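Heads up: the structure comes next, in structure tokens.
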Amino acid sequence: MDFADRLCSWFSENMRDMPWRHTRDPYSIWVSEIMLQQTQVDTVIPYYERFMKRFPSVEALARASLEEVLALWQGLGYYKRAENLHRGARYIMEQHGGHFPVDPAALRKIPGIGAYTAGAVLSIAFGIPAPAVDGNVMRVLSRLFLMEQDVGQAKSRPAFEEKVMSLLKGDPGVFNQAMMELGALVCTPRKPDCPVCPVNGFCQAYKRNTVEQYPVKAGRPKPVTERYRVLVICRSGSYWMEKRPGEGLLAGLWGFPLIGEEQWRLVEPMLEKKRILKRVCHVFTHRRWELEPVLIEVSESCGTLPIDFSVPADLGGFQTPEQMQRLPVPTVFRKVIRQLDDAGA
DNA sequence: AACTCGGGGTT
DNA sequence: AACCCAGAGTT
């Protein structure tokens, strides 16, 4: 039995059940792969179920509004993925008559499909031998072959893709998924379970007892802390929310106005009804927000606040709790809303 | 090549 | 607290 035989036979007996493993429909595989980018399987599953129920086909997704797609995506993170998925559906309708191209170069032109996702769709949906190299696969390969390339660097990718192709045999979709499953269940980042690994006989790092020295990866800088006051402006039971700018962090999502300390010092003395809520902390990959929410009650337009209440309704407005529920509001602002609820507001 | 872009699970 | 996750796009 060679490497692929052992790997795939282990996979057939140990693979987890996932909704997208019951189909080879390219649209279904595409949606799952986009959601799974930098996101763990158990986190994705409920989002995937809801998404496929609402948008069962490329046509259905292409017809939808971006707002509705973002609303289903809220809480999943990396919201550009949702925008690209939506754009991609319209692109596939217009450029390919609603059918997925079976060609690698054509797939790569679809927004949001990069080297990994193209390989995943080609192999899983179409059975084409193509490398699908994600973080799991790089870790497995680096241990198998003592690969010293930094897995965080783009220039390392070709070496990993070559190794995959040298091992690939049988059904490419099964093989690629088996490699990822091995990385997720056995060849884990810390404390890998080498004694039960079906391919430990092929693993050079296991042979030398250096498994935990792989993969090689440069460290990340710590998130930078930013502090803001959050203006939670209440007018007769509704709350002021704004659509964030189209670029940058949490682009296009809805939230409360954030102001720095210096601006707060100008506004704070002029406010009558205010109430400081419990601090909210939220960590992004490279930033850490420490938020101090301030509940402010106003009757009419409050000129002392640095807010323009006369913007178009699609850019900002007073929202009832029910309306807030339907808007795409990222987790950090949901945390603020939670403090509001806890405070009995 | 480096930076940006979320949120949550694990250890 | 550190690390990682079925990565891609921009600069």
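Remember, predicted model here, so these are calculated numbers, not experimental data. Chain letters run A, B, ... following the sequence lines, proteins first and then strands; every chain starts at 1.
Spacing between atom CG of L76(A) and atom C1' of dC5(C) amounts to 12 Å, rounded to whole angstrom units. Nucleotide dC5(C) holds its C1' atom 16 Å from the CG atom of L182(A), rounded to whole Å. Between the P atom of dC3(C) and the CD atom of E212(A) lies a distance of 14 Å, rounded to the nearest Å. Rounding to whole angstrom units, CZ of residue R81(A) and P of dG7(C) are separated by 9 Å. Summarising the geometry, the separation between CE on M180(A) and P on dC5(C) is reported as 13 Å, rounded to the nearest angstrom. Atom pair Q74(A):CD and dG7(B):C1' shows a separation of 13 Å (rounding to whole Å applied). Y78(A) has its OH atom 12 Å from the P atom of dA8(C), to the nearest Å. If you take CZ of F284(A) and C1' of dA2(C), they are 19 Å apart, rounded to a whole angstrom.
For the segment residues 13-38 of chain A, the set of residues with a heavy atom within less than 4.0 Å of an atom of DNA chain C comprises M18(A), W20(A), R21(A), E33(A), L36(A), Q37(A), Q38(A), in numerical order. Across residues 115-128 of chain A, not one residue has a non-hydrogen atom less than 4.0 Å from an atom of DNA chain B.
Comparing dA6(C) with dC3(B), their P atoms are spaced 25 Å from each other, to the whole Å. Atom P of dT10(C) sits at a distance of 14 Å from the matching atom of dG6(B), rounded to the whole Å.
Open room surrounds NE2 on H99(A); 12 or fewer heavy atoms of other groups in view lie less than 6.0 Å from it.
In this structure, K163(A) satisfies the cation-pi test against F145(A), with its NZ or CZ atom closer than 6.0 Å to the six-membered ring centre and inside 45 degrees of the ring normal. F318(A) carries R235(A) over the face of its six-membered ring, with the cationic atom under 6.0 Å from the centre and within 45° of the normal. For the pair R50(A) and Y47(A), the cation-pi criterion (under 6.0 Å, within 45° of the ring axis) is fulfilled.
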Is there any protein nitrogen or oxygen under 3.5 Å from a nitrogen or oxygen in nucleotides 8-11 of chain B, and what are the pairs?
unit_1, atom_1, unit_2, atom_2, d
dG9(B), O4', Q40(A), NE2, 2.8

Taking only N/O atoms, report every protein-nucleotides 1-4 of chain B pair under 3.5 Å with atom names and distance.
none

Report, one pair per line, the protein and nucleotides 9-11 of chain C atoms (nitrogen or oxygen only) whose separation is under 3.5 Å.
unit_1, atom_1, unit_2, atom_2, d
dG9(C), OP1, G112(A), N, 2.5

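Alongside M1(A), the hydrophobic cluster contains no other residue (criterion: ILVMFWY side chains under 4.5 Å). Chaining together hydrophobic side chains whose heavy atoms lie under 4.5 Å apart places V211(A) alongside Y206(A).
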Using side chain to side chain donor-acceptor pair (under 3.5 Å), reason through S156(A) and D150(A) one step at a time and then give a plain yes or no. CA-CA 7 Å; S156(A) 306; D150(A) 186 332; 5.9 Å; no
I'd like to know whether T225(A) forms a side chain to side chain donor-acceptor pair (under 3.5 Å) with R287(A), so could you lay out the CA-CA distance, the side-chain angles of the two residues, the decisive distance to 0.1 Å, and finally the verdict. CA-CA 6 Å; T225(A) 298; R287(A) 281 183 227 186; over 6 Å; no
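Contact annotation for V133(A): no contact, since no heavy-atom pair falls under 4.0 Å across all strands.
Between W20(A) and V41(A) there is a side-chain heavy-atom pair separated by less than 4.5 Å.
Taking for each of R288(A) and R157(A) the nucleotide of DNA chain C with the nearest heavy atom, the 5'-most of the two is the partner of R288(A).
For E297(A), there are no salt bridge (charged side-chain N to carboxylate O under 4.0 Å, His left out) partners at least two apart in sequence or on another chain. For Q95(A), the side-chain contact (heavy atoms from CB on, under 4.5 Å) partners at least two apart in sequence or on another chain are Y91(A). Listed by chain and residue number, nothing satisfies the side chain to side chain donor-acceptor pair (under 3.5 Å) test with N209(A) (two or more places apart in sequence, or in another chain). Not a single salt bridge (charged side-chain N to carboxylate O under 4.0 Å, His left out) links E212(A) to another residue, sequence neighbours left out.
Between W240(A) and F309(A), the ring center distance clears the sub-6.0 Å criterion.
Follow the hydrophobic side-chain contacts under 4.5 Å out from L295(A) and you reach W254(A) in the same cluster.
The side chain to side chain donor-acceptor pair (under 3.5 Å) contacts involving residues 126-136 of chain A comprise D134(A)-N136(A), N136(A)-R139(A), where partners must be two or more places apart or lie in separate chains.
No hydrogens or angles considered: nothing links the side chains of S65(A) and E67(A) as a donor-acceptor pair under 3.5 Å.
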